[in-house]
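If you're wondering where the values come from, they're calculated on a predicted model, not measured in any experiment.
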Amino acid sequence: MKAEIKKITPAIAKQFLESQVKNRKWRREIIDRYKAEMLAGNWHINGQPLIFDNDGRLMDGQHRLMALIEANKTVDMMVVTGIDPHARETIDIGKSRTMGDIFQMSGIRNARLLSRTSKLLYVWTRKFGELVQ
């Protein structure tokens, strides 16, 4: 196994995506969220790598790579190669962090209540427009 930080261009991202084995269906909302972070300059290496098997096939990272292509940015990413293909079944199976989790980890009091209220306001404004004053 080898891990390194690499500059990933849109062209490299396309090559990586072409190498992937069958993956789960991609989700537009995840790509859009990652793309927005990249365009805003908020994308940071966080230790979560692109993962490739022993044969150089992409095992994890399709949403990040698709977002990078759409953002037309070059981004530093950690790349891990040389993973046993059978390990694929154990990759990315954990529960995603909720907004409440993120608020709580930031030290915000009543994090879950704030998260739920924020979501309610977001859904309301998307459906009905601005809040009535």
- Sequence neighbours excluded, every pair satisfying ring pair (Phe, Tyr, Trp, His ring centres under 6.0 Å) that has a member inside residues 47-68: Phe16-Phe52
- What about Met59 and Leu50, same hydrophobic cluster or not, with Ile/Leu/Val/Met/Phe/Trp/Tyr joined at side-chain heavy-atom distances under 4.5 Å? no
- Message: Nearest 0.5 Å, please: how far is CG in Asp55 from CD1 in Ile83?
- Response: 12.5 Å
- Check the pair Gln62, Gln20 against side chain to side chain contact (heavy atoms under 4.5 Å, CB included), reporting the backbone distance first and the verdict last. CA-CA 8 Å; Gln62 73 175 352; Gln20 76 179 331; 3.4 Å; yes
- Residues which pass side-chain contact (heavy atoms from CB on, under 4.5 Å) with Asp76, listed by chain and number, not counting sequence neighbours: Ile5, Lys7, Ile45
- How many angstroms lie between CG in Asn54 and OG1 in Thr81, if you round to the nearest 0.5 Å? 9.0 Å
- Please, which pairs that meet salt bridge (Lys or Arg N to Asp or Glu O under 4.0 Å) have at least one residue in residues 39-48, sequence neighbours excluded? none
- Query: Between CG of Leu68 and CZ of Arg64, what distance do you get to the nearest 0.5 Å?
  - Reply: 11.0 Å
- Message: With heavy-atom distances below 4.5 Å as the criterion, would you say the side chains of Arg57 and Pro85 are in contact?
- Response: yes
- Just by modelled atom types, is the Leu113 backbone N or O under 3.5 Å from a matching donor or acceptor in the Asn110 side chain? no
- For Lys119, salt bridge (charged side-chain N to carboxylate O under 4.0 Å, His left out) partners two or more places apart: none
- Qualifying salt bridge (Lys or Arg N to Asp or Glu O under 4.0 Å) pairs, either residue in residues 40-51, two or more places apart: none
- May I ask you to test the Trp43-Met77 pair for a side-chain heavy-atom distance under 4.5 Å? yes
- Message: Starting from Leu17, can I reach Val79 by hopping between I/L/V/M/F/W/Y residues whose side chains sit under 4.5 Å apart?
- Response: yes
- Item | Counterpart residues, side-chain hydrogen bond (donor to acceptor under 3.5 Å, both in side chains), relative to Gln15 (two or more places apart) | none
- Item | Listed partners of Arg112 passing salt bridge (charged side-chain N to carboxylate O under 4.0 Å, His left out), at least two apart | Asp101
- Can you name the salt bridge (charged side-chain N to carboxylate O under 4.0 Å, His left out) partners of Asp84, sequence neighbours left out? none
- One should read off an interatomic distance between Thr117 OG1 and Leu120 CG, to the nearest 0.5 angstrom, of 7.0 Å
- Going through the distances and angles, do Ile51 and Leu58 end up as a side chain to side chain contact (heavy atoms under 4.5 Å, CB included)? CA-CA 6 Å; Ile51 301 174; Leu58 179 68; over 6 Å; no
- Value for CG (Asp53) from OG (Ser19), rounded to nearest 0.5 Å, stands at 8.0 Å
- What residues, two or more places apart in sequence or in another chain, satisfy salt bridge (charged side-chain N to carboxylate O under 4.0 Å, His left out) together with Glu18? none
- Query: Which pair of non-hydrogen atoms, one from Ile69 and one from Ala13, has the smallest distance, and what is that distance?
  - Reply: CG1-CB, 3.7 Å
- Task: Drop me the distance from Leu114's CG to Arg109's CZ, to the nearest 0.5 angstrom.
- Result: 12.5 Å
- Note on the structure: Nearest heavy-atom approach of Pro49 to Val80 is CB-CG2, 3.5 Å
Got a list of side-chain donor-acceptor pairs under 3.5 Å for residues 30-41, not counting sequence neighbours?
{"residue": "Asp32", "atom": "OD1", "partner": "Arg28", "partner atom": "NH1", "Å": "2.8"}

